[in-house]
Structures are given as C-alpha cells and as structure tokens.
Amino acid sequence: MSTKKDKFSSKDKLYMEIALKLAVSRYGHTGSNPSVGCVIVKNDKIISIGQTSINGRPHAEFNAIKSSIENLRGSKMYVTLEPCCHHGVTPPCTDLIIKSKISEVIYSVSDIDIRVRNKSFKILKSKKIKIRKGLLEEKVNNFYSTYFFNRKKKLPYVTGKIAVSKNNLIYSKLDRKITNARADKFTHLLRYKNDSLMISYKTLNNDNPKLNCRLKGLKKYSPRRIILDNKLNTNLNSFIINTANKTNTIIFYNKASKSQILNFRKRGINLIFSKIDNQGRFDIKILLKRLYKMNCRNVLIEGGDELTNHLLKNKIFNKFYLYKSNKKLSKKSEYLYFNSLDLLKQKYKKKINLKLNLGNNKITLYKN
C-alpha cells in the first residue's frame, strides 16, 4: 500500500508545484468550491493541465482530462486536493479518472468535505489505480487554510486592511491620498483575491470609492460590494450606487422609510434587513453567516477606525494588513486618527513585515 511516507522524486515535486500555481492563480474566483490545480503527465511529459473553473465548475480534473488531445491510458495525474467522488452538478472526478485509464494519481492533501475525505483514495485504489498523497503537504495545506476555515466554521475568511499616514491619520479632507501607487497595486491584488469587499456607509460617503480591482485585465474580477448602513444614509449619487445591481452590491440596513427602501431597490441594490445592538451596530457574525449562505467565501474589509476597532475587539479578522506611509496628512480641516493600533497588536500577536518593493510605504501583516 502506498502512503504519504513514500519518497517523491524531484520531478513529482515539480509537477505538483505547477499544479499548485494553477490553483493559486484561480484563488478567490471558484465560488463555494476550492481552487484546485491539476497536471497530467505521460512518459515524463506534461500532456494536459487544468484548474477549477470560474465559479467552481467544472473541476480541475475534468478540465485537464477533457483538454488532453493525447490518450490518457497509463498517464499520471497530479492534483492539489483529493478528487471528488460524489454526484453533484457535475459527475464525480473519480469516475472520469477511472474511465480515462489513468494509472496513477498523486494528490497533496485530503479534502475536508465529508462527502469526499479519504473516500476517493479507496475508490481509486479498488480500481487498481496507484494512488499516493502527501506531496508538498505543508505548502498546500497552507494554501487551503481559507477553504478549510470556510468548511469548518461555515463562515467567510475575513481579511482587514487600513492605510495610515506618518502622523497616524486615516483621513484628511484636504489631503486624501495616503499610499503610493505601488501600495495601491497590492490593494487591488487583495480585491482580486477576495470575492467580496465590505465598508461602512461613512467610508463610502467620505471617500466615494470605486471598490474595484484596477489591475490590467482583472477588472472583471472585482469583488462584490457590501455596505453596512443602519439607516440607509448612503449617498445615492455615489459611484457604488450608480454602478450597482443585485449581484454586485449588498446593503445591510435596519431602519428606513418605505420611500428610502424603494429608492435603493429601484437602483437594483440587494437590500438585506438585519438586527442591531443597543449601540446601533450590526452583529457582524450574523452578517457573515448570511454572506456565507450567499456564497461569499473571502471577505476583505476596508473599514475606518470605528468599524475596524469594533471588529478587532471581537477578533473577527483572520488576518489584517496595516499600510504605513511616510506622508503626513493635513490637519487644517476635518481629519481622523487611527486609534486602534494598540488593540491590533494586542489581539493579533503574529507580525510579519512583508518584503515588498513599495518604495517609502510598507505593509505589515498581523495574524493570530
């Protein structure tokens, strides 16, 4: 019997590295399904590759098998996650593997899904297909940490970020730009990697943001916009409202007149009523549970000091990016301080200074 203790060759590792890169490149865009990479090799030559499709279907194994123009009999498949074996919207990948006469399957980690976990191993082994697991296990487990969190907690994985000036401001009415162009590109990468982006109506009204991904060629992968607005005070002339529809914009609210509700719904916005506490704040955990049911799996929160402070206190963030600029913002008009740095350091002990070429800006990652 083959186990993960079997030695893997340098070529095995190379092929799985390629499969992992395929999975990473599709991260955040596979809906409720994990992003998987697949490489098929025959006679020491890659004959096909596949990755999970946008929105999750078809799966990577299906795409790799169907894309091959060569006979797959006697080939070897490398896949980052245990292939599925249950009937859903698409046939089980194990069925396709068996029908294709693939002789060996190497996958990195077992799926956490109870419909799959270790079952595919037994199915494929029973069909005389050589099967091994554990290749690049630590690296691939790290990649799937968000997916495992989703499945275990039935919640989206939450990432926070905030940009702070040299004089510790997060907003200045007279001088709004904090970070440089290089740091901005990292923000757009985060937006690309997250399927949803949450802010408060105060941030929306102050900044009139676009909340989209503006990296070349990736705009169509911009996240769904989620606005927290207790009394529907969001500016109806803002960019977000003018570009809203039921699939790209959600507003959570609690109290509003019929005419307000009608005004927002006329613009195609998905309005969702939710309870608030005695301080007028939403229960974020309840909101996240609802978003999970709406297929939100990775939520980026770009909040102001008030929202960030509340989420830090309740340890909602799975990780948090603190941007620091060397630029001082003006205090000659309205301005806001970032008052939650000590709380961030207290709640999130692991601190990683990202080694990015950001010029005079820097980004620090805080984790549990």
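On a predicted model such as this, the values are computed, not experimentally measured, just so you know.
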Is it the case that more than 12 heavy atoms not belonging to Asp277 sit under 6.0 Å from its CG atom?
yes
Nearest 0.5 angstrom please: Leu22 CG to Thr80 OG1, how far?
8.5 Å
Going by salt bridge (charged side-chain N to carboxylate O under 4.0 Å, His left out), name the residues that satisfy it together with Lys11, two or more places apart in sequence or in a different chain.
Asp44
Just by distance, with hydrogens left out, do Asn357 and Arg182 show a side-chain donor and acceptor under 3.5 Å apart?
yes
With a 4.5 Å limit on heavy-atom distance, are the side chains of Asn167 and Leu329 in contact?
yes
Using the salt bridge (charged side-chain N to carboxylate O under 4.0 Å, His left out) criterion, which residues pair with Lys246? Sequence neighbours excluded.
none
Can you get from Val299 to Tyr221 by hopping between Ile, Leu, Val, Met, Phe, Trp and Tyr side chains that sit under 4.5 Å apart?
no
Passes side chain to side chain contact (heavy atoms under 4.5 Å, CB included), Tyr348 versus Lys315? Steps please.
CA-CA 8 Å; Tyr348 296 85; Lys315 216 166 185 182; 3.5 Å; yes
Tell me whether Lys210 forms a cation-pi arrangement with Phe239, defined as NZ or CZ under 6.0 Å from the six-membered ring centre and within 45 degrees of its axis.
yes
Quick one: are the ring centres of Tyr337 and Tyr335 less than 6.0 Å apart?
yes
Parallel, tilted or perpendicular for Tyr253 and Phe273, by the 30°/60° rule?
perpendicular
Parallel, tilted or perpendicular: ring planes of Tyr15 versus Tyr78, cut at 30 and 60 degrees
tilted
Any side-chain heavy-atom pair from Lys275 and Ile286 closer than 4.5 angstrom?
no
Check the side chains of Arg214 and Asn212 for a donor-acceptor pair under 3.5 angstrom, ignoring hydrogens and angles.
yes
Do Ile18 and Ile47 belong together in a cluster built from hydrophobic side chains that touch within less than 4.5 Å?
yes
Cation-pi geometry met for Arg176 and Tyr171 (6.0 Å, 45°):
no
Audit row: Tyr366, Phe320, ring pair (Phe, Tyr, Trp, His ring centres under 6.0 Å) steps and yes/no
CA-CA 5 Å; Tyr366 290 85; Phe320 191 93; 7.3 Å; no
Any Ile98 side-chain heavy atom under 4.5 Å of Leu124 side chain
yes
From Asn248 atom CG to Ser196 atom OG, the distance as rounded to the nearest 0.5 Å
11.0 Å
Under a 4.0 Å N-O cut-off, is there an ion pair linking Glu306 with Lys202?
yes
Distance-only side-chain donor-acceptor flag, Asp305 / Ser340, under 3.5 Å:
yes
Could you grab the distance from atom CD1 of Ile316 to atom OG1 of Thr308, nearest 0.5 Å is fine?
12.5 Å
Tell me if the NZ atom of Lys327 is crowded by more than 12 foreign heavy atoms within 6.0 Å.
yes
Going by heavy atoms in the side chains, are His86 and Thr94 under 4.5 Å from each other?
no
4.5 Å side-chain heavy-atom contact, Asn309 and Asn339:
no
Which is it for Asn118 and Ser110 under the side chain to side chain donor-acceptor pair (under 3.5 Å) test, yes or no, and what are the steps along the way?
CA-CA 6 Å; Asn118 295 323; Ser110 299; 3.2 Å; yes
So for atom CD1, which belongs to Ile49, do other residues, nucleotides or ligands contribute more than 12 heavy atoms lying within a distance under 6.0 Å?
no
Can you find a pair of side-chain heavy atoms, one from Glu70 and one from Lys45, that are under 4.5 Å apart?
yes
Applying side chain to side chain contact (heavy atoms under 4.5 Å, CB included), run through Lys324 and Asn168 and close with a yes or a no.
CA-CA 9 Å; Lys324 190 73 176 180; Asn168 210 36; 4.0 Å; yes
Side-chain contact, heavy-atom cut-off 4.5 Å: His59 with Val36?
no
Quick test of your reading of the model: are Lys177 and Asp184 salt-bridged, counting only N-O distances below 4.0 Å?
yes
Do Leu271 and Leu197 share a hydrophobic cluster, counting only Ile, Leu, Val, Met, Phe, Trp and Tyr and linking them when any side-chain heavy atoms are less than 4.5 Å apart?
yes
Can you check whether Val24 reaches Lys193 side chain to side chain, under 4.5 Å on heavy atoms?
yes
So how far is it from Ile250 CD1 to Ile272 CD1, rounded to the nearest 0.5 Å?
5.0 Å
Given the options Glu137, Lys133, Lys139, Val109 meets side chain to side chain contact (heavy atoms under 4.5 Å, CB included) only with Glu137
Rounded at 0.5 Å granularity, tell me how far CG in Leu344 sits from OG1 in Thr364.
9.0 Å
Nearest-0.5 Å distance, CZ of residue Arg225 to CG of residue Asn270
12.5 Å
Any link between Met77 and Ile106 through a network of hydrophobic side chains (Ile, Leu, Val, Met, Phe, Trp, Tyr) touching at under 4.5 Å?
yes
As a test of understanding, state which of Asn254, Thr203, Ile284 forms a side chain to side chain contact (heavy atoms under 4.5 Å, CB included) with Leu228.
Ile284
Are side-chain N/O atoms of Asn180 and Tyr323 paired as donor and acceptor at under 3.5 Å?
no
Take Ile199 and Ile227 through the test side chain to side chain contact (heavy atoms under 4.5 Å, CB included) and record every step on the way to the result.
CA-CA 5 Å; Ile199 63 169; Ile227 315 302; 3.7 Å; yes
Check this for me: Lys166, atom NZ, are more than 12 non-hydrogen atoms of other residues, nucleotides or ligands nearer than 6.0 Å?
no
Partner set under salt bridge (charged side-chain N to carboxylate O under 4.0 Å, His left out) for Glu104, not counting sequence neighbours:
Lys76, Arg132
Applying the 4.5 Å side-chain criterion to the ILVMFWY set and letting contacts propagate, would Phe338 and Tyr321 be lumped into a single cluster?
no
Aromatic rings Phe148 and Tyr144: how do their planes relate, parallel, tilted or perpendicular, breaks at 30° and 60°?
tilted
Distance alone, cut at 3.5 Å: any donor-acceptor contact between the side chains of Tyr27 and Thr146?
yes
